[in-house]
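For reference, the structure is listed below as structure tokens.
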Amino acid sequence: MSDIQIEEQEQVAQRRAKLQALREKGNAFPTGFRRTVIAAELYSAYEGSSKEALDDSPVRVKVAGRIMTRRIMGKASFCHIQDMSDKLQLYVARDNLDEGFYNEQFKSWDIGDIIGAEGVLFRTKTGELSVRVDSIQLLTKALRPLPEKFHGIADQEIKYRQRYLDLIMSEDSRKTFSIRSQVVSYIRQFLIERQFMEVETPMMQSIPGGATARPFITHHNALDMELFLRVAPELYLKRLVVGGFERVFEINRNFRNEGLSSRHNPEFTMLEFYQAYAEYQDLMDLTEEMLRGLAEMVTGQTVITYQGEDYDFGKPFDRMTVVESILHFNSALTNEELNHRLGASKIAETLGIPVKESYGLGKIQIEIFEKTVEHKLMNPTFITAYPVEVSPLARRNDDNPEVTDRFEFFVGGREIANGFTELNDAEDQAERFQKQVEEKEAGDDEAMHFDADYITALEHGLPPTAGQGIGIDRLVMLFADAPSIRDVLLFPLMRTKS
RNA sequence: GGGUCGUUAGCUCAGCUGGUAGAGCACCGCACUUUUAAUGCGAUGGUCGACGGUUCGAAUCCGUCACGACCCA
């Protein structure tokens, strides 16, 4: 270790010396302390208890947590500890402790240390519920100081790289991850109540399928076999529906080898669910019900505020087709020009969208949609009738074979969900895979592989089924009012520091 | 990949057209038995992201790089 490092860590050195002194006295890391209660339980149980009531019938408690603040006033001190639920004030007076303990032990402890304390509840003269401590012990010495108490951590990089510090310091951040947990468990409960069965399907796949995206590639040594981290679980979940699990869902990680942004992390969490004997409209209804329920669960109402804008999940969601939505947001365009390839590609070019030779009408329409419509879909909206060309796993529409029985769901200008009636015609699916292979050979490395094993499964008969995927991270962003996907991922991917 | 901004004490931040590196919090010492961003007094703490250039002199100007944030693709 260099001199520079030693000098840089002056406060750490002081704390190490204190730890060394603890080691010499005996067990520096005792584990036997048991608390009887957490802070939030105390606040709710004694919310209405007056100062006098608490003094008249004393309540003994044992609490534990991290020292967050400390105010030493000679022979007595106040400090706040923080546990999993809340902060709690302790009143520690010299004369309430064993002889010498206050001066020789307690005063040498630092902010950040983890302690256990025992005493009786009381109210201070400002009315704050606190513990008058008569026994206290250091459980874990913190060798490094916490960030500044008032401003907390301002540097986003530290929040992401040292999430534990962010969680210690930021109530908002703890809240965000609490919302994430609530969202996931709400969804799980919602689906289980409707007879869906939770399953886990492979994350390492020999043929990556279920989405058009570039996969991560890895290698299995014993089998000497190339494997891909999955970009979606879709094809495995549908195999399960073939197997007779008629309602299945999975909430798990997908991996896509693409760029990072405020809405993209290479690994992200996806809900996918499949319901036999249902069509995409059934899933739109289900989605509407689920999101409305989520909004109410998280915020207590159906209107949520995201980045200063209000979105109402209470009223019926808007529904439009892709083409209708393009015309709606581009009043100068006509249905006629948008519905043949030459007209559509002219529109695309005026919008600055490069149109490749291989693009069909559907692909061009989707490019126009993404450029001119997607970010404007603020209120909860279903967009339907996606072109077959960009929907290789979705069933063709009976009235218009150029589009599929598919929808995507948008709110706040962002895609949250994608669902469709599944393509259960094995021969049509084989043709669609073949098209994808051609696109891959033409240089589109996001195009799908031909999955012959999946075709075999379809040949055994997939009942009419509707399926859907919902990006959990983006959903949590919405309900936690988080501007970046990194704010809802405990450990977002960061470049390694040299 | 492109653009803009940022990187100064453990943390939050100042530092003007180049001239000896600053504050608050934390830490250390003293005082203080109802404080809560405790208070009062005193002290310590810096390879100014890295490397190179311009200059008598660079935290400051220029270039390259690293890392990050935001926007665009």
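Reckoned from all heavy atoms, side chains included, excluding hydrogens, waters and symmetry mates. By convention in this document, chain letters (A, B, ...) are assigned in the order of the sequence lines, proteins followed by strands, and residues within each chain are numbered from 1. Everything numeric here is computed off the predicted structure, so don't read it as measured data.
Checked for salt-bridge contact, A:Asp166 and A:Arg163 meet the test: a charged N lies under 4.0 Å from a carboxylate O. Comment: A:Asp134 engages A:Arg60 in a salt bridge, judged by a side-chain N to carboxylate O separation of less than 4.0 angstrom. Electrostatic pairing of A:Asp487 and A:Lys159 does not count as a salt bridge here, judged by no charged N lying under 4.0 Å from a carboxylate O. A salt bridge links A:Arg180 to A:Asp473: one of the charged nitrogens lies within less than 4.0 Å of a carboxylate oxygen. A:Lys363 has a carboxylate O that lies under 4.0 Å from a charged side-chain N of A:Glu367, or vice versa, which qualifies the two as a salt bridge.
Cation-pi check for A:Lys62 over A:Phe33 is met; the charged atom lies under 6.0 angstrom from the ring centroid and within 45 degrees of its normal.
Comparing the C1' positions of B:rA26 and B:rA9 gives a spacing of 11 Å, expressed to the nearest Å. Taking atom C1' on both nucleotides, B:rG53 is separated from B:rG18 by 15 Å, rounded to a whole Å. Atom name C1', nucleotides B:rG49 and B:rG6: the rounded distance is 11 Å, in whole Å. Here the separation of B:rG15 from B:rA23, taken at their C1' atoms, is 10 Å to the nearest Å. B:rG3 and B:rA21 have their P atoms separated by 35 Å, with the value rounded to a whole Å. A distance of about 24 Å separates the C1' atoms of B:rC70 and B:rG63, rounded to the whole Å.
In this pair, A:Phe409 and A:Phe313 present their aromatic rings tilted. The plane angle is within the 30 to 60° band. In this structure, A:Tyr311 and A:Tyr306 have tilted ring planes: the angle between them lies in the 30° to 60° band.
The stretch residues 98-122 of chain A comes close to RNA chain B through A:Asp110, A:Phe122, each having a heavy atom under 4.0 Å from the strand. Interface residues of residues 72-86 of chain A facing RNA chain B, ordered by number: A:Ile72, A:Met73, A:Gly74, A:Lys75, A:Ala76, A:Phe78, A:His80; criterion, heavy-atom separation under 4.0 Å.
For A:Gln11 against B:rA26, a side-chain N or O and a base N or O form a donor-acceptor pair under 3.5 Å. For A:Tyr91 against B:rU35, a side-chain-to-base donor-acceptor contact under 3.5 Å is absent. No hydrogens or angles were tested; on distance alone, nothing pairs the side chain of A:Glu128 with the base of B:rU34 as donor and acceptor under 3.5 Å.
Rounded to a whole Å, the NZ atom of A:Lys18 is 9 Å from the C1' atom of B:rC28. One interatomic measurement links the two molecules: CG of A:Leu165 to C1' of B:rA26, which rounds to 14 Å at whole-angstrom precision. The separation between A:Asp95 atom CG and B:rC32 atom P is 13 Å, rounded to whole Å. Note: CZ (A:Arg161) to P (B:rG68) measures 5 Å, nearest angstrom. Between A:Phe150 atom CZ and B:rA26 atom C1' the separation is 15 Å, expressed in whole Å. Spacing between atom NZ of A:Lys87 and atom C1' of B:rU35 amounts to 16 Å, rounded to whole angstrom units. Spacing between atom CG of A:Leu143 and atom P of B:rC27 amounts to 15 Å, rounded to whole angstrom units. Residue A:Arg70 contributes atom CZ, which lies 10 Å from atom P of B:rA26 at whole-angstrom precision.
When heavy atoms are screened at a 4.0 angstrom cut-off, A:Lys159 is found touching no nucleic acid atom at all. Counting non-hydrogen atoms under 4.0 angstrom, A:Gly259 reaches nothing in the nucleic acid. Residue contacts for A:Arg123: at a heavy-atom cut-off of 4.0 Å it reaches no nucleic acid atom on any strand shown.
A:Tyr386 and A:Phe420 have their aromatic ring centers separated by at least 6.0 angstrom.
Listed candidates were B:rU34, B:rA69, B:rU33. Nearest to the side chain of A:Arg94 is B:rU33. Considering only side-chain atoms of A:Ala93, the nucleotide from B:rC67, B:rU33, B:rU34 that sits closest is B:rU33.
When both pairing distances are held under 3.5 Å, B:rC48 makes no Watson-Crick or G-U pair with any nucleotide shown. The base-pairing partner of B:rC25, taking Watson-Crick or G-U wobble contacts with both distances under 3.5 Å, is B:rG10. Under the Watson-Crick or G-U wobble criterion, with both distances below 3.5 Å, B:rU54 has no partner in any strand shown. Under the Watson-Crick or G-U wobble criterion, with both distances below 3.5 Å, B:rG18 has no partner in any strand shown. For B:rA69, the paired nucleotide is B:rU4, the pair qualifying as Watson-Crick or G-U wobble because both relevant distances are below 3.5 Å. Nucleotide B:rU33 forms no Watson-Crick or G-U wobble pair with any nucleotide shown, as no partner meets the under 3.5 Å limit on both distances.
Atom CD of A:Glu374 is separated from atom CZ of A:Phe410 by 4.5 Å, given to the nearest 0.5 angstrom.
A:Phe228 meets the ring-ring contact (aromatic ring centres under 6.0 Å, His included) test with A:His449; sequence neighbours excluded.
Counting only distance, with no hydrogens or angles, the side chain of A:Asp444 and the backbone of A:Glu446 share a donor-acceptor pair below 3.5 Å.
A residue-by-residue look at A:Ala154 and A:Lys51 shows that A:Ala154 has its nearest nucleotide of RNA chain B further toward the 5' end.
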